[in-house]
Amino acid sequence: MSKQYEAVIGLEVHAEMMTESKMFTGAPVVDSIEAEPNSAVLPLCLGMPGTLPVINKQAVEYAIRVGLALGCEINLYNRFARKNYFYPDLPKSYQISQYEEPIATNGHLDITLADGTSKRIRVRRVHMEEDTGKLTHISANASLVDYNRAGVPLLEIVSEPDIRSAEEAHAYATTLRQILRYLGVNSGDLEKGVLRVEPNISIREPGTDDLNTRTEVKNLNSFSVLFKATEYELMRQAELVNSGGAVVQETRGWNEDEKRTFSQRAKEDAHDYRYFPDPDLPPLMLEQDWVDSIALQLPELPAAKLLRYQQTFGLSLYDAQQLTEELAVAKWFESAVSAGADPKAATNLLINNLFGMMSESGLTIDEMKVSPRGLADLLQIIDAGTINKNIAKTVLAEMFETGNAAAEIVKEKGLAQVSDEGAILAIIQKIVADNPNELAAYRAGKTKLRGFFVGQAMRALRGKGNPKLVNQLLDQELSE
Ligand code: ADP
Ligand code: MG
């Protein structure tokens with residue numbers, strides 16, 4: 001009989017911080033794909049003798065921001081340590097990290113699952129470190145190394161093993177990514193490798209709190225791969241144990257073609273790294289006042305925003321999610337509301353119309369030509385009855401193309417709504433007279449034909465008829 005097990009998962013997330021310069025030197029932080037290899041490298045990045053590290057204050061501030069957003073205690077006394085190992089991407093042969101005294105500890109992250117329930121995952125620690133260089137293996141016996149990334153400020157965020165399924169792991173990772181983006185600390189670009197998520201996975205008998213031997217899966221380049229790899233690994237371990245085998249502690253990779261994890265190397269224990277406090281760096285002593293001022297400047301976080309959009313603006317959960325997914329979108333939306341737009345009407349045009357145009361053209365909300373005020377002005381002329389809702393879509397598309405104001409487009413293209421009762425009536429009377437068969441059928445009870453008459457009238461009015469008047473006058477003519 002095959003036995004069921006409980007999943008025990010803890011996530012380690014590495015996030016490069018979007019600072020100007022590196023963690024311990026003034027070398028710039030550059031785009032890993034676009035920049036010329038080894039173009040952003042100073043002697044310290046290469047571990048040249050005689051170079052000394054200096055702590056990047058911006059990176060410390062970002063780390064504090066993240067620690068606070070995750071409800072951590074910020075440790076005013078913290079220290080950097082050397083993590084020693086030999087690998088060609090690490091010229092110093094040690095990585096400066098934090099070990100015993102990390103900057104933030106004991107926080108939490110609340111995740112929401114597909115069934116609407118939420119769950120709190122404890123965050124064990126957040127610490128600062130430096131990234132390593134990047135190796136490109138070009139043949140069986142040759143590799144290229146790019147040290148642009150060596151020394152880039154990195155944050156490691158480690159959860160407690162509170163995660164119980166691949167779905168929870170996925171929710172934790174996406175929620176954390178959203179928060180990092182809100183905080184302006186990380187772009188969330190998994191493909192560029194600036195955010196890396198590594199699940200530690202073990203299984204146990206349900207109802208126990210055993211922490212059994214785990215594996216760690218690395219090099220997952222998307223959240224869907226995180227989900228698939230976690231599912232696979234849980235299944236592999238269960239089958240292994242059920243068939244009398246034992247899980248070995250190791251680092252595993254993901255083979256996308258075969259949809260399975262594979263063994264990469266035996267995993268080191270902490271003592272293998274010979275951690276010790278970095279003698280080149282004094283302990284970092286933070287002032288509570290500084291931490292407090294960073295706390296005051298934290299933006300409203302996604303969960304709070306989501307709730308406020310539902311409560312204050314009366315939006316549905318789905319709409320609120322769409323708008324708060326990215327801070328730039330939320331900010332744009334809030335500016336439109338400040339400019340007088342009705343929240344619900346603005347939401348509809350954004351989600352149903354503008355999002356599509358943006359994705360088709362590849363423009364972000366800040367790059368596109370429609371401004372928050374422009375949308376508010378459009379809603380205002382809809383409200384005033386200058387144009388109807390259908391024409392508004394044409395106007396919005398034109399605004400997106402040209403950046404012109406709604407009123408200008410309406411005037412230029414003659415799109416103003418026809419509310420002249422006499423003109424509409426004349427058109428309707430002609431249509432009714434021209435379609436005697438439909439009229440007879442309608443009056444005999446085929447009421448579905450009403451749509452036919454509305455369509456004819458709107459076509460004759462080139463879509464610009466005041467819908468209320470058209471409907472009202474049509475009812476009057478049809479019933480006579
Ligand atoms: P290391 O520093 O060697 O990677 P840690 O003990 O700091 O190890 O744990 C790293 C991650 O592994 C944490 O997210 C933690 O929650 C998780 N973890 C620890 N033990 C287990 C286990 N038995 N099963 C699953 N995850 C675990
Ligand atoms: Mg680890």
Side-chain angles (χ1 to χ4, degrees), residues 5-15 66-67 70 72 75 78 80-85 87 94-109 111 119-132 154-173 175-177 195-220 226-227 229-238 240-241 246-253 261 264-276:
Y5 296 93
E6 179 171 68
V8 179
I9 303 166
L11 250 50
E12 284 170 79
V13 173
H14 284 93
V66 173
L70 296 175
C72 293
N75 302 312
N78 57 107
F80 289 95
R82 289 187 180 181
K83 180 181 181 179
N84 299 279
Y85 66 97
Y87 206 61
Y94 62 85
Q95 178 189 30
I96 306 178
S97 182
Q98 293 192 300
Y99 186 57
E100 280 166 328
E101 286 99 355
I103 190 156
T105 43
N106 298 328
H108 56 81
L109 181 67
I111 59 172
K119 177 173 174 180
R120 176 158 289 191
I121 307 295
R122 290 170 300 157
V123 171
R124 180 183 292 176
R125 57 188 276 146
V126 176
H127 73 243
M128 296 176 281
E129 55 186 35
E130 53 177 347
D131 212 343
T132 58
L154 200 61
L155 214 52
E156 179 169 338
I157 303 155
V158 184
S159 85
E160 291 292 344
D162 291 347
I163 296 166
R164 292 287 166 269
S165 67
E167 189 203 352
E168 289 182 14
H170 185 272
Y172 176 92
T175 307
L176 182 55
R177 171 179 185 266
L195 188 65
R196 309 191 283 270
V197 183
E198 287 147 17
N200 287 264
I201 300 169
S202 68
I203 55 171
R204 69 181 172 206
E205 300 268 349
T208 67
D209 18 295
D210 300 347
L211 288 176
N212 293 323
T213 305
R214 67 189 145 113
T215 58
E216 179 172 355
V217 188
K218 284 193 184 278
N219 300 324
L220 305 175
L226 166 69
F227 182 87
T230 304
E231 288 254 278
Y232 176 87
E233 187 55 20
L234 288 168
M235 188 202 69
R236 184 190 71 86
Q237 291 187 11
L240 188 64
V241 173
V247 176
V248 289
Q249 177 166 318
E250 62 185 353
T251 299
R252 298 179 69 87
T261 63
Q264 283 184 316
R265 60 184 160 88
K267 197 192 159 3
E268 302 79 2
D269 282 313
H271 61 249
D272 295 326
Y273 289 120
R274 295 289 186 267
Y275 280 101
F276 65 90

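Counting starts at 1 for both ligands and their atoms, following the listed order. Just so we're clear, the structure is a prediction, and the values are computed from it rather than from any experiment.
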Exercise. Which atoms of ligand 1 have any heavy atom of L211 under 4.0 Å away?
Worked result: 23 (N)
Exercise. Short list, please: which atoms of ligand 1 are under 4.0 Å from a heavy atom of E12?
Worked result: 4 (O), 10 (C), 11 (C)
For this session: Could you list the atoms of ligand 1 found under 4.0 angstrom from a heavy atom of P161?
Result: 16 (O), 26 (N), 27 (C)
Exercise. Among L195, I111, L109, L11, which residue meets the side chain to side chain contact (heavy atoms under 4.5 Å, CB included) test with L176?
Worked result: L109
Exercise. Near G10, which atoms of ligand 1 are under 4.0 Å from a heavy atom of that residue?
Worked result: 14 (O), 16 (O), 17 (C), 26 (N)
Exercise. Where does the angle between the aromatic ring planes of H170 and F227 fall among parallel (under 30°), tilted (30 to 60°) and perpendicular (over 60°)?
Worked result: perpendicular
Problem set entry | Distance-minimising heavy-atom pair for Q98 and R125 | O-NH2, 3.0 Å
Exercise. Hey, are N200 and E12 close enough side-chain-wise for a donor-acceptor pair under 3.5 Å?
Worked result: yes
Exercise. Are side-chain N/O atoms of E129 and H14 paired as donor and acceptor at under 3.5 Å?
Worked result: yes
Exercise. Taking N or O atoms only and a 3.5 Å limit, does I201 qualify as a polar contact for ligand 1?
Worked result: no
Seminar exercise, completed: Value for CZ (R252) from CD (E216), rounded to nearest 0.5 Å, stands at 12.5 Å
Seminar exercise, completed: Among I9, T251, N200, the residue with a heavy atom nearest to atom 11 (C) of ligand 1 is N200
Exercise. Relative to the heavy atoms of V158, which atoms of ligand 1 are at a distance of less than 4.0 Å?
Worked result: 13 (C), 14 (O)
Problem set entry | Atoms of ligand 1 close to E160 [distance to a heavy atom under 4.0 angstrom, numbered from 1] | 16 (O)
Exercise. With a 4.5 Å heavy-atom cut-off, do D131 and L154 have their side chains touching?
Worked result: yes
Exercise. In ligand 1, which numbered atoms sit nearer than 4.0 Å to a non-hydrogen atom of S202?
Worked result: 22 (C), 23 (N), 24 (N), 25 (C)
Problem set entry | Close N or O approach (R124, ligand 1; < 3.5 Å) | yes
Seminar exercise, completed: A student checking ligand 1 against L11 at a 4.0 Å heavy-atom cut-off should list atoms 14 (O)
Exercise. Do T261 and E233 meet the criterion of a side-chain donor-acceptor pair at a distance under 3.5 Å?
Worked result: yes
